[in-house]
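Inspection log for the structure reproduced underneath, given as structure tokens.
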Amino acid sequence: MVHTRTHPIRRAVSIVPFVVALILLTGTPAKVREITIDEDTPKSDAELKMTHPDVVLLPRLGKTGPLSVEEAILRRRSVRRFRDAPVLLTEVSQLLWAAQGITGEDGVKRAAPSAGAKYPVEIFVVAGKVDDLAAGVYHYLPETHSLEVVRRGDLRSELCDEALSQEWVAAAALNIVIAGVYERTMEKYGERGIRYVHIEVGAISENIYLQAETMGLGTTFVGAFSDDGVKKVLRIDAEPLGIMPVGVRQQ
Ligand SMILES: Cc1cc2nc3c(=O)[nH]c(=O)nc-3n(C[C@H](O)[C@H](O)[C@H](O)COP(=O)(O)O)c2cc1C
């Protein structure tokens, strides 16, 4: 597949460890980083790992599942009680793909629709109990289908505190945080861009709900939280618009 993109990943990727180190040392909020790929992109996973040790490559994706889309819609419910069991990295991979994975043969278009294909939404993972993934905050990189380390350590309880102590945030194996960068869409659509970003969050979260359903996982869209508090926990500038705790369903 030929990717036509704007910035060389080698250059972008090479500065990320220094940026992450700087964040860890200074504690200042990180800008949402955009990493894109061009012809110089490492073509193999091994090459990418060598060039960027702070990126976790996600496992390969499944293209078929046990549930039809109709069954997943029928069964979908907001789930707030989870088993005390880990979620697998392959399952996290599938959820992130459903949220913002690149599905277009052009290497640009994603799993959820986006006004003007501006893709203003960034996805973060607050992992606590994920097999083969250390606890921490990660930023999803759609173009390489990988996770970039933002913070290390289990921050589920801190995130829960910022979400009006809704205990399913702390109890979930991981939380997916959906954040918006309004300017990307407002640049083209002005004020109307704000509503477009919110609409996109709805589409993305429904994809996550349905994908979770196919894997025996449960989730809930959590909209009640302190914006500034979540930004501090994640160390991001993007506007947090939703938190989706994910865990293994009890029944
Ligand atoms: C915009 C929005 C915000 C929500 N915020 C919360 C929340 O903060 N906490 C929570 O437990 N559920 C939240 N929910 C989930 C709703 O409570 C849930 O969707 C509703 O009760 C219907 O149940 P169902 O999703 O199982 O069909 C939210 C849902 C939406 C769409």
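Order of appearance sets the numbers: ligands from 1, and atoms from 1 within every ligand.
A salt bridge is absent between Glu167 and Arg156: the closest approach of a Lys/Arg side-chain nitrogen to an acidic carboxylate oxygen does not fall below 4.0 angstrom. Here Glu213 pairs with Arg249 in a salt bridge; the nearest charged N to carboxylate O distance falls below 4.0 Å.
At most 12 heavy atoms of other shown residues, nucleotides or ligands fall within 6.0 angstrom of atom CH2 in Trp97.
Counting only distance, with no hydrogens or angles, the side chain of Asp161 and the backbone of Leu164 share no donor-acceptor pair below 3.5 Å.
Contact shell of ligand 1 (protein heavy atoms, cutoff 4.0 Å): Arg76, Arg77, Ser78, Arg80, Gln166, Trp168, Thr220, Phe221, Val222, Gly223, Ala224.
When hydrophobic clusters are built by joining Ile, Leu, Val, Met, Phe, Trp and Tyr residues whose side-chain heavy atoms come closer than 4.5 Å, directly or via intermediates, Ile178 is not grouped with Tyr196.
There is no side-chain donor-acceptor pair under 3.5 Å between Gln250 and Arg83.
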